[in-house]
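Comments concern the structure below.
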Amino acid sequence: MTNEGQIHEVHPEDLTLYVLGALDGPELARVGKHVEKCASCGLEIQKINADLGAFAMAASPEAMPPSRAKDRLMREVARANGPTKKVGT
């Protein structure tokens, strides 16, 4: 990861372990402190969380997203498409 052109000591593997809760002690403190200040690592953590969420859904074919997720998606699709017109009116 880079922060404004500078190389730092937090590697992508560290971020993944941080998200998974697999770090402790000084490593947890080091990565946590860094993530608070580094926008690029913050974005990487968001990507890791999204990937893990997709992986979890794919790993369990019976798992269905909550109905509120579908409702929210459908509202966003409708909003993006603008007002709809009924055919024949």
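Because the structure is predicted, anything quoted here is derived from the model rather than measured.
- The distance from atom CZ of Arg75 to atom CZ of Arg79, rounded to the nearest 0.5 Å, is 11.0 Å.
- Without hydrogens or angle criteria, Asp14 side chain to His11 main chain gives a donor-acceptor distance under 3.5 Å.
- Clustering ILVMFWY residues whenever any of their side-chain heavy atoms sit less than 4.5 angstrom apart, transitively, puts Val31 in the very cluster that holds Leu28.
- There is a path of hydrophobic side-chain contacts, each under 4.5 Å, that joins Leu52 to Leu23.
- A salt bridge does not link Lys33 to Glu36: none of the charged side-chain nitrogens sits closer than 4.0 Å to a carboxylate oxygen.
- Between Arg30 and Val10, the closest side-chain pair of non-hydrogen atoms falls below 4.5 Å.
- Atom-to-atom distance recorded for Ile48:CD1 and Glu44:CD is 5.0 Å, nearest 0.5 angstrom.
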Test Val19 against Leu15 for side-chain contact (heavy atoms from CB on, under 4.5 Å), laying out the working first. CA-CA 6 Å; Val19 169; Leu15 296 176; 5.6 Å; no
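- With a 4.5 Å cut-off on side-chain heavy atoms, Thr16 and Leu20 count as touching.
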